[in-house]
Amino acid sequence: MAFYFVQFLTGLASAASLFLVASGLSIIFGVTRIVNFAHGAFYMLGAYVAFTLTERFSGAIGFWGGIVAAALIVAAVGVLVEMVLLRRIYHAPELFQLLATFGLTLMVEDLVVLIWGPSDLLGRRAPGFKGAVDFFGQNIPTYDLFLIGLGPVVLGVLWLMFRRTRWGVLVRAATQDRDMVAALGVNQKWLFTSVFALGVFLAALGGGLQIPRDAVHHALDLRIIVDVFVVVVIGGLGSIIGAFVAAVLVSELNAFGILIFPKISIILVFLVMAAVLIVRPWGLFGKQEAAARRTPGLTVNPWRPLTSAERIAVIAAVALAAALPLIGGNYALTVGSEIAIFVIFAASLHFLMSVGGLASFGHAAYFGLGAYGVAFLAKLAGLPMIACLLLGPLLGCLGAAVFGFFAVQLSGVYFAMLTLAFAQIVWSIAFQWVGVTGGDNGILGVWPEKWAASPSHFYWLSLGVAALAVASLRLVVDSPLRSEAIGIDGKRVQWSAFVIAGTVAGIAGALFAYLKGSVFPDSLGISLSVDALVMVLLGGVETVSGAVVGAIVYKALSIWLVSQTDLSKLVLGAVIVLIVVAFPKGIVGMLETIRNRRRTRSSRSALLGSRIEIAE
């Protein structure tokens, strides 16, 4: 009994840090409506800066002074980011804000490696809390007891700030109606800046307080951000009390799941998140009206018929790409095959976002299911490659059909978070079901047959499937499904679009398994889902060829940067941020805007010339 009590206290101690980070994200989203993917990066920065201050300047400012100073320093960095970057995109669709903060996350990941190195850093023990308390033979670290007491204290301070101060009243009002606050003459810029600073301070404080418990490393951001999203969604976006309750719930599930349900321990929190979203989409303590928000980032239907000139250009581009084996080596062909596969993947998400009006944060689930489907059929059933490529993606289709049925009942950011929950459930199963999936060791030896084994042959196969997939998606768009998408039985249309998009993503995953010769749980991970969103948004969600161009540019640039520099994430992140700020409509959208302006100028010049001739 004592052991379980200690385990319960360990869960409460973890909940304290998780609550600090989650409350910051909840506050930021509640006021600014930014889905801040970089929040985990600020948590990681807080841990690194706190490590430096407590190790090198502990004599001057002390351990606790170093923790607080680190949080203040990172909060100042957050203010700079908000003023320089986020202020420029507050009125942009939320998905573009997500893209910008994702680019910022990539930059921070390389910066911490550049400054602190790639090795894990072990922080010192907190002074005054180095011992443990004996409880019937079980030791409870005194630092854990300190964290357990800190959580409610921070909750109380935040409650008082939001309930008893003028600033807090304005923040709560902005959470409900930003336009009303602006009408009252409140300077929204500085209100947003102060909220962002507070949110970043809490995230950095949570990171700093973890250094006596965990090693500091450059993967902390992605590790924490998933749990934080889960906490915020379960508790309710914008609710501090909800963040506290959800942090305790998630931490206790993590603490006891490994003991009671060891084979599904990772899945538990995502099952709870999915159940809450299905039953109460706005979270345990959220506001119901928030669930009606439109899917972020979608303002128009981006699909339109191709012109004759565009058809000719597409045919020429495919023919030119098909000639690559005549001039490129094996490495170029392998890269070309990977780009073609991700064109399929990005096009499937673009289809879902345009026809279905849905932005998925977990699209990699169906990519990975297609890859595992091929691996199961090839390794376990021994089927030939053609049969595997035809049947393997059906696992992605099945997953999309089941998950999509529940997901399309929601909208906006809640839909996106439910797709994230489903994707993490699938990833957790692949990671923990070692007997079937191989777990972290993956499934190896999924090689193409002789007829497709050479780099040139596999490249032509990938290119042909990519061209066929994109063309097929366009045919579906031009079918009656498009006309129904404007208002006739919208949920059925969205579910159909979800299933089609999942199946096409499964086709991409099936080819990817043969390209790499193996399948790992990473094929289902959140980072791959974000990659798909980046591709679509970089190319331009409101354009015909945006997904194709975005996939080509993003994959080619990332592969090239990895071969050229050790700071590839820093450069790639900077490019993403630059495109979001300077070209919010994406690469193709920017080119179309320039072309339309030239046409307008030409038309005006021609009109002016005709008027002059008439006058003469």
Side-chain angles (χ1 to χ4, degrees), residues 321-322 324-346 348 364-399 426-427 429-431 433-469 502-525 527-528 531-532 551-552 555-556 558-559 562-563:
L324 179 62
L326 304 178
I327 57 175
N330 289 344
Y331 177 74
L333 293 175
T334 301
V335 171
S337 298
E338 185 168 350
I339 290 174
I341 290 169
F342 278 91
V343 164
I344 302 172
F345 185 38
S348 67
Y366 317 108
F367 180 93
L369 283 173
Y372 273 103
V374 159
F376 293 151
L377 293 173
K379 298 294 292 183
L380 301 180
L383 294 181
M385 181 177 175
I386 289 292
C388 292
L389 286 175
L390 291 174
L391 299 177
L394 294 180
L395 188 58
C397 174
L398 178 62
V426 177
W427 173 86
I429 293 172
F431 187 82
W433 201 3
V434 178
V436 176
T437 65
D440 201 28
N441 295 321
I443 301 176
L444 308 178
V446 188
W447 298 111
E449 294 178 359
K450 186 177 180 180
W451 61 271
S454 69
S456 58
H457 289 175
F458 193 86
Y459 170 75
W460 277 323
L461 173 65
S462 302
L463 180 64
V465 174
L468 182 61
T503 304
V504 176
I507 293 172
L511 286 170
F512 190 72
Y514 278 115
L515 174 67
K516 298 299 183 181
S518 56
V519 183
F520 294 94
D522 289 348
S523 298
L524 301 149
S527 59
L528 192 60
D531 281 349
I552 293 172
K555 288 304 297 183
S558 14
I559 293 172
V562 168
S563 66

Return the NZ to OG distance between Lys555 and Ser558, rounded to the nearest 0.5 Å. 5.0 Å
Heavy-atom nearest pair, Pro455 first then Ser337, reads O-OG, 4.4 Å
Sorted by chain and residue number, the side-chain contact (heavy atoms from CB on, under 4.5 Å) partners of Leu463 (sequence neighbours excluded) come out as Ala321, Ala322, Tyr459
On a heavy-atom basis, the closest approach of Ala469 and Val504 is CB-CG1, 4.3 Å
Could you pull out the closest heavy-atom pair between Ile429 and Thr437, with the gap in Å? O-OG1, 4.3 Å
Distance (rounded to the nearest 0.5 Å) between Phe512 CZ and Leu528 CG: 7.5 Å
Least distance between heavy atoms, Ala346 atom then Ala551 atom: CB-CB, 3.9 Å
Between the CD1 atom in Ile507 and the CD1 atom in Ile341, the distance rounded to the nearest 0.5 Å is 12.0 Å
Partners meeting side-chain contact (heavy atoms from CB on, under 4.5 Å) with Phe431 (sequence neighbours left out): Ile266, Trp427, Asp440, Pro521
Note: Ala556 and Ile339 closest approach over all heavy atoms is CB-CD1, 4.0 Å
Qualifying salt bridge (Lys or Arg N to Asp or Glu O under 4.0 Å) pairs with a residue from residues 504-525, counting only residues at least two apart or across chains: Glu338-Lys516
Quick one, Val436 with Tyr372, criterion side-chain contact (heavy atoms from CB on, under 4.5 Å). Give me CA distance, side-chain angles, the key distance, then yes/no. CA-CA 10 Å; Val436 176; Tyr372 273 103; over 6 Å; no
In Å and rounded to the nearest 0.5 Å, what is the OG to NZ distance from Ser518 to Lys379? 10.5 Å
Output all residues satisfying side chain to side chain donor-acceptor pair (under 3.5 Å) with Trp447, sequence neighbours left out; order by chain, then residue number. none
Any residue meeting side-chain contact (heavy atoms from CB on, under 4.5 Å) with Thr503, in chain and number order, not counting sequence neighbours: Cys397, Val499
Do the two ring centres, one from Tyr514 and one from Phe458, sit under 6.0 Å apart? no
Looking at CG of Leu324 and CH2 of Trp460, how far apart are the two atoms once the value is rounded to the nearest 0.5 Å? 9.5 Å
Please report the C-alpha distance between Leu461 and Leu511 in whole Å, then the side-chain angles of each, then the deciding distance to 0.1 Å, and finally whether the side-chain contact (heavy atoms from CB on, under 4.5 Å) criterion is met. CA-CA 9 Å; Leu461 173 65; Leu511 286 170; 4.2 Å; yes
For Ser462 and Ile344, which heavy atoms make the closest approach, and how far apart are they? O-CD1, 4.5 Å
Describe, in one word, how the ring planes of Phe367 and Phe345 are oriented to each other, choosing from parallel (under 30°), tilted (30 to 60°) and perpendicular (over 60°). tilted
Not counting sequence neighbours, which residues clear side-chain contact (heavy atoms from CB on, under 4.5 Å) with Ile386? List them please. Leu390, Trp451
